J.: 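After the structure tokens below, expect a handful of questions from me.
Worth knowing before you read on, the calculation uses all heavy atoms, side chains too, and leaves out hydrogens, waters and symmetry mates. Given the structure is predicted, the values throughout are model-derived calculations rather than measurements.
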Amino acid sequence: MASTLAGIVLPKEYAYPATAVVSTFYLLLWQTLRVGRARKHAGVAYPQVYAEKAEAEAKKEAHVFNCTQRAHQNTLEVVPIVISSTLIAGFSYPVAAASLCGAWALSRILYTIGYATGDPKKRNLGGAAIVGTLSTIGLIGTSTAAVVSLLRGL
């Protein structure tokens, strides 16, 4: 059964992309907690966003903090595209949208774990960077197809 909201009919399967989007909230919360923990261990005071280059070179904890912070920042740079494209694609392709968003969120967990080791080369742990990029491209494609379909219906 479809849900109707102010003239918008949502397929019952829209619960899947909505759930996948909510998973990104937990991802961001988890990353925030990791950054806070790394900040504390490194002794980097607020409001400084990153440890200074000299500090990161001299102190492993500061370098790990920078890597952890960068993983979080990189996620924040792309999450608006992921959330909005998931919600748009979900109108026409709810299962595909949810699957791609879920794959992206899982890839960001591996990406963060790898990056937070302090070795930026490990950010592709388990192919995380590749899966994340392909998922994002898939979401952009499916959301574009959904919009084209909506426009054709005008």
J.: Please walk me through it: do Val64 and His41 pass side chain to side chain contact (heavy atoms under 4.5 Å, CB included)?
T.: CA-CA 9 Å; Val64 167; His41 284 120; over 6 Å; no
J.: Would Val78 and Leu134 show up in the same hydrophobic cluster when neighbours are defined by side-chain heavy atoms closer than 4.5 Å?
T.: no
J.: Ignoring hydrogens and geometry, is there a side-chain-to-backbone donor-acceptor pair from Asn66 to Ala51 under 3.5 Å?
T.: yes
J.: Please report the interatomic distance CD(Glu52) to NZ(Lys59), rounded to the nearest 0.5 Å.
T.: 13.0 Å
J.: Report whether Tyr16 and Leu100 are members of the same hydrophobic cluster (ILVMFWY, side-chain heavy atoms less than 4.5 Å apart, transitive linking).
T.: no
J.: Would you say the side-chain atoms of Ser149 pair up with the backbone N or O of Ala145, donor to acceptor, closer than 3.5 Å?
T.: no
J.: Heavy atoms only: give me the nearest Gly114-Leu125 pair and the separation to one decimal.
T.: N-CD2, 4.1 Å
J.: Distance from Leu28 atom CG to Leu33 atom CG, nearest 0.5 Å?
T.: 11.0 Å
J.: What heavy-atom pair brings Ala97 and Ala89 nearest, and what distance separates the two atoms?
T.: CB-CB, 3.8 Å
J.: If a pair satisfies side chain to side chain donor-acceptor pair (under 3.5 Å) and one of its residues is in residues 107-118, list it, with sequence neighbours excluded.
T.: Gln31-Thr112, Asn74-Arg108, Thr75-Arg108
J.: Please report the closest heavy-atom contact between His63 and Gly118, naming both atoms and the distance.
T.: NE2-O, 2.7 Å
J.: Grab the two heavy atoms, one from Thr24 and one from Cys101, that are nearest each other, plus how far apart they are.
T.: CG2-SG, 3.9 Å
J.: Quick one: OH on Tyr93 to CG on Leu139, what's the gap to the nearest 0.5 Å?
T.: 13.0 Å
J.: Please enumerate all residues that pass side-chain contact (heavy atoms from CB on, under 4.5 Å) together with Ile109, with sequence neighbours excluded.
T.: Leu27, Trp30, Leu106, Ile113
J.: Over all heavy atoms of both residues, which pair between Asn124 and Ala128 is shortest? Give the atoms and the distance, please.
T.: OD1-N, 3.2 Å
J.: With heavy-atom distances below 4.5 Å as the criterion, would you say the side chains of Ile83 and Phe25 are in contact?
T.: yes
J.: Counting distance only, does the side-chain N/O of Tyr14 pair as donor-acceptor with the main-chain N or O of Leu87 below 3.5 Å?
T.: yes
J.: Going by side-chain heavy atoms closer than 4.5 Å, which hydrophobic residues are tied to Val35, directly or by a chain of links?
T.: Val44, Phe65
J.: Would you mind reporting whether Val147 and Phe91 have side-chain heavy atoms less than 4.5 Å apart?
T.: no
J.: Atom NZ of residue position Lys122 - does it have more than 12 heavy atoms of other residues, nucleotides or ligands inside 6.0 Å?
T.: no
J.: Looking only at heavy atoms, what is the nearest atom pair of Val82 and Thr86, with distance?
T.: O-OG1, 2.6 Å
J.: Would Ser99 and Val95 satisfy side chain to side chain contact (heavy atoms under 4.5 Å, CB included), going step by step from the backbone distance to the final call?
T.: CA-CA 6 Å; Ser99 299; Val95 174; 4.2 Å; yes
J.: Evaluate the side-chain proximity of Gln69 to Arg39: yes if any heavy-atom separation is below 4.5 Å, no if none is.
T.: yes
J.: Consider only side-chain heavy atoms of I, L, V, M, F, W and Y, link residues closer than 4.5 Å, and tell whether Ile81 and Val131 are in one cluster.
T.: no
J.: Are Ser85 and Thr142 packed together at the side-chain level, in the sense that at least one heavy-atom pair is separated by less than 4.5 angstrom?
T.: no
J.: Is there a donor-acceptor pair under 3.5 Å between the side chain of Gln48 and the backbone N or O of Tyr50?
T.: yes
J.: Got a donor-acceptor contact below 3.5 angstrom from the Glu61 side chain to the Gly43 backbone?
T.: no
